There are 2 protein chains.
Amino acid sequence: MLELRHLRTLTALHETGSVSRAAKRVHLTQSALSHQIKALQSHYGLPVIQRRGQSIELTEAGKHLVALAGKVLEEIRETERDLAKISQQASGSLRIVLECHTCFDWLMPLMDEFRQHWPDVELDLVSGFHADPVKLLEEGGADIVIGSEHKRQRGIVHHPLFRFEILAVLAPEHPLRGKRILHASDFADVTLITYPVPEDRIDLILNVLKPAGIQPQRRTAELTVAILQLVASRRGVAALPSWGLKNYVDHDYVIARRIGANGLWSDLYASTLKETASRPYLRDFLTTARNTCFATLDGIIPLA
Amino acid sequence: MLELRHLRTLTALHETGSVSRAAKRVHLTQSALSHQIKALQSHYGLPVIQRRGQSIELTEAGKHLVALAGKVLEEIRETERDLAKISQQASGSLRIVLECHTCFDWLMPLMDEFRQHWPDVELDLVSGFHADPVKLLEEGGADIVIGSEHKRQRGIVHHPLFRFEILAVLAPEHPLRGKRILHASDFADVTLITYPVPEDRIDLILNVLKPAGIQPQRRTAELTVAILQLVASRRGVAALPSWGLKNYVDHDYVIARRIGANGLWSDLYASTLKETASRPYLRDFLTTARNTCFATLDGIIPLA
DNA sequence: TATGGTTATGAACCCAATTCATAATTTCTT
DNA sequence: AAGAAATTATGAATTGGGTTCATAACCATA
């Protein structure tokens with residue numbers, strides 16, 4: 001009766017706190033999850049979730065099942081790693097090109113974990129700027145590109161990671177602090193603080209400012225903390241993924257504002273060659289990435 | 001891809017050492033298991049079983065998966081016990097009537113385990129002889145009857161346990177030692193050593209000797225070891241389940257012979273009231289019983 | 001070489017999980 | 001308070017994957 005799919009659903013419910021969000025997380029319909037939950041409850045004669053206003057909460061029974069899920073799913077992945085070792089598919093290289101600078105935040109701990117699990121995989125970050133990172137895959141200079149590119153291309157697989165919102169970051173006393181939502185025009189007279197990458201790699205410029213014919217001043221910094229430091233000391237404003245901001249916003253170090261009525265969103269993909277896509281360690285890397293991101297990053301949305 | 005059903009199949013393969021026997025064990029066709037195995041192998045790019053002449057053996061990969069199965073399936077049962085506690089279905093009584101005396105062998109350790117898992121269930125053996133044990137269920141004097149009865153009866157559920165062979169047990173120097181198979185006529189002049197129960201509860205008499213019009217002398221003993229002791233000291237022959245004999249036969253304490261060309265087989269069921277059948281602890285008792293029996297008892301066959 | 005038993009394979013089938021369509025419910029907004 | 005928006009529940013329809021069926025291949029033993 002209980003199946004692994006139920007356990008996956010339960011963890012998704014736990015992580016997202018909502019049936020429909022959990023459904024996206026496991027790539028099923030909200031209806032499917034509703035049926036699953038109903039089946040579980042009637043089987044055990046116990047509710048597993050409980051409405052708590054906006055979001056849902058797991059009951060005691062639900063928590064037991066989530067704890068089980070954690071153990072079981074991890075154990076399965078462990079043995080699958082063992083199997084990969086046995087079939088000698090546990091070695092190779094995973095050279096990562098990172099287009100999204102902020103992603104260092106979650107990639108670093110992920111890489112640490114990965115190194116422990118796959119000691120025989122040569123794990124590297126490919127440094128430097130690359131005009132056409134996907135070409136790097138084809139040329140054999142890298143094994144995976146993490147970025148927003150996802151146009152169909154033969155021989156290449158774009159593994160969807162997640163969608164996230166990019167927020168404008170301001171100093172708490174910034175003149176624009178009063179507006180709940182910022183529009184292109186608001187950026188006319190500000191200095192934009194970005195990572196040192198070309199304009200066409202910056203979503204705010206590409207999708208918002210350029211279409212509106214606005215070209216703000218730019219200043220660059222390598223590290224996210226440096227950017228935030230500059231913002232806080234009123235040298236300009238930045239546009240950063242929402243997830244990395246929570247701590248700084250909570251401590252009133254900076255404030256964050258939505259860009260445009262619907263917000264500015266960006267999709268993240270992990271692209272590989274078709275042939276590397278099937279390697280066990282690559283698959284494990286991807287699921288670990290998704291797991292840790294969805295578990296630790298606030299406000300991200302699963303991608304089809 | 002990997003599902004709990006695969007894990008169950010793997011353990012069955014491990015326990016039975018044969019695809020078709022494992023199929024019976026998990027109540028599927030041999031074909032279904034064959035497909036499952038094929039799917040597993042092609043998914044992991046590894047064989048999980050290996051032919052070893054008559055029987056099969058698990059490969060290293062298979063052993064990893066079996067180890068996983070042990071952990072995972074046990075953890076699931078653990079949390080299901082927790083859920084039963086939460087839903088307050090973890091208390092009640094389990095008074096067992098045992099028609100098959102030899103079954104004490106496996107029932108005792110089983111009861112010990114059960115007591116640890118379900119401390120709030122009142123566990124008891126209903127002692128004494130009962131002419132109609134199923135009636136005892138209806139009268140509320142017992143909760144489960146372990147025996148061979150399985151005729152349809154409304155309000156009663158007969159949970160199949162397993163089929164086992166009853167072998168004739170002789171002293172090593174017994175005159176009949178030369179025959180590989182014993183027939184009804186061979187029992188004409190022997191003393192039959194049995195448990196102290198009526199004739200119609202003894203399969204050998206009921207199904208073999210009575211139809212042939214043979215009525216051997218009888219002598220009774222309470223305990224299996226006592227019966228074996230009497231057999232070894234040439235006071236007569238006995239008919240006992242094959243599984244309990246292995247140790248004694250291996251040590252040349254007694255010898256065992258098939259009864260009739262196809263052997264004498266008996267089916268074991270656990271009968272309960274319909275209403276008690278759904279209780280979590282009862283279900284757990286049954287699966288534990290089957291698990292331990294199939295894991296520890298040689299030569300038993302699953303029952304539809 | 002036959003024979004009984006076990007396993008493999010492809011096609012057909014069937015059920016159960018999912019989706020679809022929609023209703024019911026809740027929450028947010030004005 | 002009422003209407004709009006979002007979320008969840010439910011029943012019917014669909015579909016896809018796992019199982020069975022039928023049969024072939026294979027393997028040991030006589």
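Throughout, a chain's letter reflects where its sequence line sits, starting with A, and its residues are numbered from 1. Computed from a predicted model, the values in this text were never measured in an experiment.
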### Message
Just to verify, what does A/Lys246 make a side chain to side chain donor-acceptor pair (under 3.5 Å) with, not counting sequence neighbours?
### Response
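With neighbours one apart ignored, the set is A/Asp250.
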Give the rounded distance in Å between these two atoms: [atom1] of [X] and [atom2] of [N].
X: A/Arg5; N: C/dT18; atom1: CZ; atom2: P; result: 5 Å
X: B/Glu3; N: D/dG17; atom1: CD; atom2: C1'; result: 11 Å
X: B/Leu4; N: D/dG18; atom1: CG; atom2: C1'; result: 15 Å
X: B/Leu13; N: C/dT6; atom1: CG; atom2: P; result: 14 Å
X: A/Ile56; N: C/dT27; atom1: CD1; atom2: P; result: 13 Å
X: A/Lys24; N: C/dT18; atom1: NZ; atom2: P; result: 18 Å
X: A/Leu2; N: C/dA16; atom1: CG; atom2: P; result: 17 Å
X: B/Leu40; N: C/dA8; atom1: CG; atom2: P; result: 13 Å

### Message
Do the side chains of A/Arg258 and A/Glu165 get close enough for a salt bridge, i.e. N-O under 4.0 angstrom?
### Response
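So A/Arg258 pairs with A/Glu165 through a salt bridge.
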#### Entry: Short N-O contact, B/Arg81 and B/Glu74, less than 4.0 angstrom
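A salt bridge links B/Arg81 with B/Glu74.
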#### Entry: Rounded distance (nearest 0.5 Å) linking atom CG of A/Leu268 with atom CG of A/Leu297
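Between atom CG of A/Leu268 and atom CG of A/Leu297 there are 10.0 Å.
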### Message
Counting primed atoms plus P, OP1 and OP2 as sugar-phosphate and everything else as base, spell out the protein contacts along nucleotides 21-30 of chain D at 4.0 Å heavy-atom distance: B, S or - for each nucleotide, 5' to 3'.
### Response
B---------
### Task
Would you indicate what A/Leu33 reaches in the nucleic acid, counting non-hydrogen atoms under 4.0 angstrom: base, sugar-phosphate, or nothing?
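Touches nothing.
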### Task
Look at all strands and tell whether B/Ser34 reaches a base, only sugar-phosphate, or nothing, counting heavy atoms closer than 4.0 Å.
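Base contact - B/Ser34 has a heavy atom under 4.0 Å of at least one base atom.
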### Task
Can you see which heavy atom on B/Ser266 is nearest to which on B/Ile166, and at what distance?
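Taking every non-hydrogen atom into account, CB-CD1, 3.8 Å.
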### Query
Between A/Arg8 and A/Thr11, what is the shortest heavy-atom contact and its length?
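Taking every non-hydrogen atom into account, O-OG1, 2.8 Å.
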### Qualifying residues under ring-ring contact (aromatic ring centres under 6.0 Å, His included), relative to A/Tyr44, sequence neighbours excluded
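ring-ring contact (aromatic ring centres under 6.0 Å, His included) list for A/Tyr44, sorted by chain: empty.
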### Query
Relative to the 5' end of DNA chain C, which residue comes earlier, A/Arg52 or A/Leu28, by the nucleotide with the nearest heavy atom?
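Counting from the 5' end, the first nearest nucleotide belongs to A/Leu28.
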### Message
As a test of reading the structure: which of D/dG11, C/dT7, D/dT7 is closest to the side chain of A/Ser20, going by heavy atoms?
### Response
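Selected nucleotide (nearest to the side chain): D/dT7.
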